[in-house]
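As the structure is a prediction and not an experimental result, all values here were calculated from the model.
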Amino acid sequence: MDQLFQYFVGIDWGTQTHCVVLLDREGRAVEQYNAEHSGKGLRALVDRLKQKTACDSAAVAIGVEVGWGALVETLIENGFALFSINPKQVDRFRDRFTVAGAKDDSRDALVLASSLRTDQRSYKQVQLESADVIRLRELSRFEDELKTELRRATNRLWQQLHRYYPQILKLSPAADDRFIWDLLSKVPAPGKGAKLTRARLQLILATHRIKRFTVEEVLAILKETPLVLAEGAAEAATEHVLLLLPQVIMLDQQLRNVGRRVKQILNSWVETTREGEPPCDASLVSSIPGIGPAIAAILLTEAARPIRERDYEALRCYAGTAPVTKQSAKRRAVTMRQACSPRLRQAVYYWASTSINCDNRSRQQYDQLRASGHQHARALRGLADRLLQVLIAMLKRSAPFDPSRRQAVQ
C-alpha cells in the first residue's frame, strides 16, 4: 500500500538552480521557487521545506529525475522520503498537463510532484547505500573509465606504429602489451631497432616474462626493411609515439592500482565477517565460477538493492536479461530489454561467457540454447538469466556455490 504523505514536492534538477514545487494532499499548489545548487542554497531548501510543511520530514515525499548527487543525499540525510522518477515517465505524465508539447522547469517540477501524489506505487523510494558500497561503486565505475581511456590511447599508438613501424605490430597486433611499450621506449624507430643488442633485448623479454618469442625472432622482426616515407614523416611519428607512451603507461598503472583497491575492499568485507555468522554477500558472489573481482564489484554496487532484497525479478530487469513482450490482438513479439543498467548488462554478459569455460552445467545450458536456434548473444543472455537465478538462490540460503545443486534445464 502507498505510504501516506502530507505534502508532495517536485524538484526539476539543474546544474545551477533547482525549480521546486510544493503540493498538499489534495494537489493544490502551496509554493513554487528556485533553490540554488550550493551548500548554502541546499541548506536553505531544507529549512524552507521544514518550515512550510510544519510536519515531520518523513511525511514529505519528494520526486526528482536523478537518484544520485548532493541534492539527493542532502534531502535523504534530512529525513525526507525521496523518489527517483525516470525522465521517460515524466515525459508521459507531462501529457496530463499539456498536449501541445510545452515544456519548462516549473511545469516539470509540477509534473513530478503530481505524478508522485497520484502514482506513488509506480516508484521506489531512494535509499542511500553504506559508505563502503559507495566507495566500491565509485572505484568500479572509474575502473571502466580507465579501461576505455587506455583502449583509446593504445588505438592511437597502433595508428602511429602502423604508419611508420608496422613490423613491431607482429609482436603485439593491438599494441597493448607492456613489453612492447618498454621496447618502444628503447627503440622507438626502425633504425634503432636494428641496432638493439641481444643482451638488452633478452633483459626486456625476461622482465616481462615473454616466452612466446625468442630473442632471435624479435631481432629478425626489428631488422626487417623499414617503410620508405616522406622526409620527416618517420621522425614526426616517432616523436608522437614517445609523447604518447607515458600516457599509456600511466593509464595502465592507474588501472592496476584501482583493481587492487577493488580487491582489497571485497577482501575486507569477507574478513570482517565474524565467526558463526553467515557469509557476506561478497563472499557468496565471488564463489561462483566465472565471477572475478571486477564483475563482483559491479553486481554488488549497481544491483545493491535487488541483491539486498533477494529480488530475482528486479535483478533480471536491471541486468537486461528479462525479455520484453509486446502483444496486440494477434501480433506478439518478444524483444531484448533496452531499459536496464548498461554496466550491469555488460557484467552479466561477460560472466556468462566466462562460465561456459569453467562450469560444465553452464556449458550444457549454452549448447542447448544454441541447438534450439538461438544466436550466440541470445544464448548468453539466456544463460545469464539462469545464473542470476542461481545467485539469488545462493543468497537466500546463505551458502556458497555448489555445482551439485544445479538442476537440469527445463
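Defined by atom type and a distance below 3.5 Å, a donor-acceptor pair is present between the side-chain atoms of D385 and Y312. Side chain to side chain, T118 and R96 meet the donor-acceptor criterion of an N or O pair below 3.5 Å. T154 and D176 form no side-chain donor-acceptor contact under 3.5 Å, judged by distance and modelled atom types alone. Between the side chains of R256 and Q253, at least one donor N or O sits under 3.5 Å from an acceptor N or O. Side-chain polar atoms of R361 and Q364 form a donor-acceptor pair below 3.5 angstrom. In this model, a donor atom of one side chain and an acceptor atom of the other lie less than 3.5 Å apart for R308 and Q127.
The shortest side-chain heavy-atom distance between F401 and V390 falls under the 4.5 Å cut-off.
R48 has a carboxylate O that lies under 4.0 Å from a charged side-chain N of E31, or vice versa, which qualifies the two as a salt bridge. Between R316 and D311, no side-chain nitrogen of the basic residue sits less than 4.0 Å from a carboxylate oxygen of the acidic one, so the salt-bridge criterion is not met. Ionic pairing of R261 and E143 is not present here: no N-O contact between side-chain nitrogen and carboxylate oxygen is shorter than 4.0 angstrom. The existence of a salt bridge linking R94 and D91 is confirmed by a sub-4.0 Å separation between a basic side-chain nitrogen and an acidic carboxylate oxygen. Of the charged side-chain nitrogens involved, none lies within less than 4.0 Å of a carboxylate oxygen, so that K52 and D47 do not count as a salt-bridged pair. With respect to D132 and R135, no salt bridge is recorded, no charged nitrogen being found less than 4.0 Å from a carboxylate O. Contact check on K50 versus D56 returns no salt bridge, with no Lys/Arg side-chain nitrogen under 4.0 Å from an Asp/Glu carboxylate oxygen. The pair R363-D367 meets the salt-bridge criterion, with a side-chain N (NZ, NE, NH1 or NH2) lying under 4.0 Å from an Asp/Glu carboxylate O. Between E309 and R305 there is a salt bridge, with a side-chain nitrogen of the basic residue lying less than 4.0 Å from a carboxylate oxygen of the acidic one.
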Check against side chain to side chain contact (heavy atoms under 4.5 Å, CB included), L244 and R156: CA-CA 8 Å; L244 190 57; R156 292 197 294 269; 3.8 Å; yes

From CA spacing to verdict: side chain to side chain contact (heavy atoms under 4.5 Å, CB included), Q368, Q365: CA-CA 5 Å; Q368 289 182 9; Q365 293 174 345; 5.7 Å; no

Evaluation steps, side chain to side chain contact (heavy atoms under 4.5 Å, CB included), between Y123 and N86: CA-CA 9 Å; Y123 316 119; N86 191 287; over 6 Å; no

Would you be so kind as to tabulate the donor-acceptor pairs closer than 3.5 Å made by side chains of residues 336-344, with sequence neighbours excluded?
residue, atom, partner, partner atom, Å
R337, NE, A322, O, 3.0
S341, OG, L344, N, 3.3
R343, NE, D144, OD2, 2.8
R343, NH1, E302, OE2, 2.6
R343, NH2, S140, O, 3.1
R343, NH2, S140, OG, 2.8
R343, NH2, D144, OD2, 2.8

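Not one N or O on the side chain of S114 forms a donor-acceptor pair closer than 3.5 Å with the backbone of V111. At distances below 3.5 Å, not a single donor-acceptor pair connects side-chain atoms of D177 with backbone N or O atoms of I180.
Residue R260 places its CZ atom among more than 12 non-hydrogen atoms of other residues, nucleotides or ligands, all under 6.0 Å distant.
Not a single salt bridge (Lys or Arg N to Asp or Glu O under 4.0 Å) links K192 to another residue, sequence neighbours left out. Annotation: ring pair (Phe, Tyr, Trp, His ring centres under 6.0 Å) contacts of H208 (sequence neighbours excluded): none.
A distance of 14.5 Å separates CG of L146 from CZ of R141, quoted to the nearest 0.5 Å. Between the CG atom of D119 and the CD1 atom of I85 there is a distance of 9.0 Å, given to the nearest 0.5 Å.
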